[in-house]
Amino acid sequence: MAENNDVSRSTPAFRLRWDVFLSFRGEDTRHGITELLYTELERKGVRVFRDNDVLNHGDEIAPGLLEGIEDSAAAIAIISPNYASSRWCLEELATICDCGRLILPVFYFVDPSDVRRQRGPFERGFRDLESRFKEHEVRRWRDAMAKTGGRVGWVLQNKEEHQSLIQLLVRRILDELSNTPMGVASYTVGLNSRVEDLMRLLDVKSNGIQVSGFHGMGGVGKTTLAKALYNKLVSQFEHRSFISNVREASMQPNGLVSLQRKLLGDLSLGKASGVNDVSAGKIAIKGILNDKRVLVVLDDVDDVSQLGALAIKREWFYEGSRIIITTRDRNVLLAYHADKIYEVKELGFSDSLKLFRYHALGSKNSSGAFLQQSQQIVSLTGRLPLALEVFGSFLFDKRRVEEWEDALHKLKQIRPRHLHDILKISFDGLDDEEKCIFLDIACLFINLGMKRDNAVDILKGCGFRAEIAINVLVARSLIKIMEDNTLWMHDQMRDMGRQIVHLENLVDPGMRSRLWNPSDILTVLKDRMGTRHVQGIILDFENFPKETFHYDSKKDGEMILHTEAFQSMVCLRLLQLSNVQLEGNFKCLPPELKWLRWRRCPLKNLPPSFCPPQLTVLDLSESKIESLWGWKLWGWYNNEVAANLMVMNLRGCCNLAAIPDLSRHQALEKLILERCTSLTTIHKSLGDMTMLRHLNMRDCSNLVELPNVSGLKHLEILILSGCSRLKAIPQDIRGMNSLRELLLDKTAIDKLPESIFWLTKLERLSLNDCQSLKQLPLHITQLVSLRDLSLDGSALEEIPNSIGSLQNLEKLSLMRCKSLTVLPDSLGDLKLLSKLWLKESSVKELPTSIGSLFCLKHLSVGSKLPVSIGGLASVVELQLDGTLIVDLPDQVDGLKSLQKLEMRNCVSLRSLPESIGRVLTLTTLIMVNAAITELPDSIGMLENLIMLNLNECMQLCSLPSSIGKLKSLHHLRMEQTAVTELPESFGMLSSLMVLKMAKKPYFHEVSENSKNDELKLLSAEEKWLPVALPSSFSNLSSLEELNARAWKISGKIPDDFEKLSALENLNLCHNDFYSLPCSLRGLSILKKLHLSHCLERLKSLRMLYMTGCRSCCSEAKPKLDKNILRNLYYLSVPGSEIPDWFTPDVVSYIKPKNRVLKAVIIGVVVSINHQIADDLRDELPVVVGVEVKILRLNKPVFNTGPRLAGVPKTDEDHLYLCRYQDQPLVYYLKDGDRIQVTMRDPPIVKGVQLKKCGIHLVFENDDDYAGDEESLSESHQSVSRKLETFIGSSDDNDRVLDSISEVEREGQARRREPRSLDRASSFVLPFIVLPSSFLLLSWLVSKFYM
């Protein structure tokens, strides 16, 4: 499905003829860097396409070049001054971009910004092309140049740097080629248009809750479409979740609970504790969905009951939420009453042909070889993407017509739309070993989330050519390797493999080769039905309740099995058990057993009778093992187990105290002892394990020493990180000359052995947080292969001057090195260095030689920048957080590739140079808590700037008028600055989506000479100096979020404010305007509106806070009818009474017959004594300290705090009404319980007084009547009607509003006195004396009610 135009995406190289395509201008570079690069790539075995090598004499150049690009995995584009004068160079570049190949640009004596904008040396070339070629052709070439100029590449301005750059490019290409077989990079067609159609269907900008469903047959691309749509929507939802494989997961033990935990964890940002059963999960999910706008995707649902378990009910979702369900069964969507149903159909014939020919021939062309056969195959496969990919991959290495005709003949024998039979043709094309491995993965490994490396270990132990076979399966699209190295298989492919095994014997599971279904396995074991046919068993009781199967059980989750049941399975190779107790004679375990994974093994040691002679992989992770073998504990000395074992995994065996003699395990290649926290010593025989390649002892926190390791001549990875008591590694490590990675983080070592220079193959050395390590050995610079050196948080005092000898070093990290003050000049000799991290170190000054690091891309420093910084033309990211810099050097414009500049907490930074405007690649500029007073006018030249963050720059008083030229700016953050006016050009920011410029209400910081951080109140004159938005403000048509809290906006907001039609979140709290525009109908998708203390927060009238708004409250009450009140969750108004039909303090719940409790309404009257000071109380957005409890037998079983939002700024009483429905306060209530409202003791804050409280229980039919209740007596009226009467009646008005109390009279008198304001009297409500404020509330109520 979807065609991907991302130029960074690569294609698996093993499928294509060429590894790299070289694009260059011959007259500029053919006999220079291009020739050198080509020669070095060839020497390294890289297949390079270069035009003068491959094109035969007389060939038309363009077709040959285009085929070369399509048949290459990646491209290197050497952009030189005359590049744009060649039509062929531009056509190459455009085709590379179109094909989505990985592109590595080299800017050869050109500026990347000139490439991106086609200026400088390229301007003349394009003018000439425009006079000779059609406009659409030139536009395509310009787009390709713009994309390439925006890519992260290498800027070369010095021919002496040729060789270093070539080494870097070759290394990057080799890295990419080694990774591509593991990528999931698939060519897709037709997806973009479908996603756009669905975006219009979902209409996420609109309010309301929408459920959309996709249905279609398996393999048609539902999951691919759902993932693409989710990726498109994800940035628009703070809370979102994608739940994969609902059908498969729900069939697993406790599967629905695990799905609930996943949903809860996603929507509550990782907090999903306390859910152990489906009922509890439902309650928890309801509570989360109730007040959050969410995006939820449920993939592959096949039963409505699964939606019920996940609490997916429309009425539980918050406004604006979107739910997407994919299923093969349309009836699921009909039963759920989905709003929109979309059928995912097969691809069109043209798209299907492109997809098939890409996978079969590596070409997207719809013409050429095998066209007739391709068209027939597309028709026979039913145009299903999965079938096209798999069948195309099956034919990829077949180039004879007879082979294609044979495949076509097999396809014709299959009934239409029988996908499994189509997929099986590819399976049948495998050899016997590949078939066996495929079935092992489909039936056994795939549900374990197994990593590729672990699968290779197991399959090698079975005697298979694992690496080759897995590469074949990937090439045939039968499996994929995910980015985290996990095996993945399409569920249709998995089901096809399992069907093959199931058909081995339909009746007797003991006659099948692989068993994965727990009920089948227990039947076979219980009835002793196992035979020589069984090769693999996966049995996990970790999540099974014991009552699931009638079988022996010691305790919940642990089953007892008898070894004799396995005796007849003489060909059993693979056995995985979890939470299982094995009893009996261990000699009964099959002799052919190669892999035993026994997680959570309850034994303290394995018995002497355990002796499978062919065992190669033993995994006892998370077990209770205390000691391993010995003549008393483990009879391995009398059998061949020790001789064959290749992998031993004892991860998390916390009781394991020692590793004994390993001398008989000479085949051992991987030993994992991670988190064996009781381990103190390792037997000296470890040092003689000549075949050991991987040794992991991470977090063995009690390990104190290692034996002599000189015999580990094949060891490649040694992990000792977290061995906090390990003070030294052996002095003689010269025998470990194969070591590639040495990780010693958080150890107690104080020095490295002098013999470290023998590790000539070492590529990564990590010494993070080694707080006793003060120096490096002098000979460390002889580590000629070292690419990554990390010393973060160490006690390092100096870097050897010879550091420049590490010619292959790419990353040097010295963050938090507080004792390191100087870097040597030789740092500039690290020509391949691409990452240098010095953040929070004590380095006072960078050496000037740093300007020679032309390959450097990422730099973080804690000191002043030298003027030589201008030489870092390839730097992409520069971090200066926390430095004491006063300014940036003018040479900053030499950073030709800089995209991200971060300067947080640079409290001395006072200005930016004008040259900053010439850093045209800059997309992100962050200056938080700096001392700048103004921005340079040149800031407007940053045409690619997307994010500008100026938060807490409290001396910044204005913005330059040139800011309006930032056409790409999406996010502008300038909260708590001194800016009081926006320039008229501000409305020209046509791409601006988020504008946050909030200030602290009524406060400013004290002068910088003050010795404390106390806040100072402003005078009344300072506080309300009138501010108006510029007239151009309404031109910000892309603006989605505006926070102008306390910006002192006064007067009337202009009528054209409604032109901000994209606005979703608007915060105008603590401003002094008296009227909104006459119409705000243009703000049709507004979801959140925050207004001063007139209306603090309003969300579709579910929450209405009018704390302190006495005048507005009197105008609002006629609008608050029963229909509005029934939907309100929270209401606050000035007032001192609660309804007299509420039960005060405590209410008992007696469950009535045939009536369901629907809601609980809590009413409290609260006041705050502002004479009692409490900083926390005054800063919190809610009144805290009131508690609602459920008492059962006089003991509290549930406790919650009502949301009393809107803290009164005066001493007057306020009434808060909180309605709880579909919440735990309702669900947890049982017959005989009591509900009590109290104050917390001791109080959280001071001065809060609970004056009155009441409770009312709302049962079924108490609040459901929708008709006219005017003539009904109070006893027959609905709850909401009685609330309407209470709030709106004239009698209640005196009680609720209490408009002129003695406290307020005194307060008014105090405010008339000419004295400075104190905290208690500082709040001046802008709406109290403004009669036109009712326009605001009238609009809000009518808008949200309608």
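Note that the numbering runs from 1 along the sequence shown for the chain.
At a threshold of 4.5 Å between non-hydrogen side-chain atoms, the residues Tyr1228 and Val1197 do not count as touching. Put simply, the side chain of Gln260 reaches to within 4.5 Å of the side chain of Ile285, judged on heavy atoms. A 4.5 Å side-chain heavy-atom check between Asp339 and Ser212 finds every atom pair outside the cut-off.
Phe1286 CZ to Glu1274 CD: the interatomic distance, rounded to the nearest 0.5 Å, is 11.5 Å. We find the CG-CG distance between Asp197 and Leu202 to be 11.0 Å, quoted to the nearest 0.5 Å. A distance of 5.5 Å separates CG in Leu1283 from CZ in Phe1142, rounded to the nearest 0.5 Å.
Using the six-membered ring where Trp is involved, Tyr1149 and Phe1259 have ring planes that are parallel, under 30° apart on the 30 and 60° scheme.
Judged purely by distance below 3.5 Å, without hydrogens or angles, the side chains of Ser1278 and Glu1269 pair a donor atom with an acceptor atom.
Lys1122 places no side-chain N or O within donor-acceptor distance of the main-chain N or O of Asp1263, the cut-off being under 3.5 Å. Side chain of Asp1213 to main chain of Gly1135: no donor-acceptor pair is present (N/O by atom type, distance under 3.5 Å, no hydrogens or angles). Judged by distance alone, the side chain of Asp1145 and the main-chain N or O of Val1237 form no donor-acceptor pair under 3.5 Å.
Evaluated for a side chain to side chain donor-acceptor pair (under 3.5 Å) with Arg247, the options Asp300, Asp302, Asp303 yield exactly one hit, Asp300. Each of Val1258, Leu1257, Leu1125 was scored for a side-chain contact (heavy atoms from CB on, under 4.5 Å) with Val1279, with one residue passing: Val1258.
Evaluation of the side-chain hydrogen bond (donor to acceptor under 3.5 Å, both in side chains) rule for Asn1043 yields no partner, not counting sequence neighbours.
More than 12 heavy atoms of other residues, nucleotides or ligands sit less than 6.0 Å from atom NZ of Lys340.
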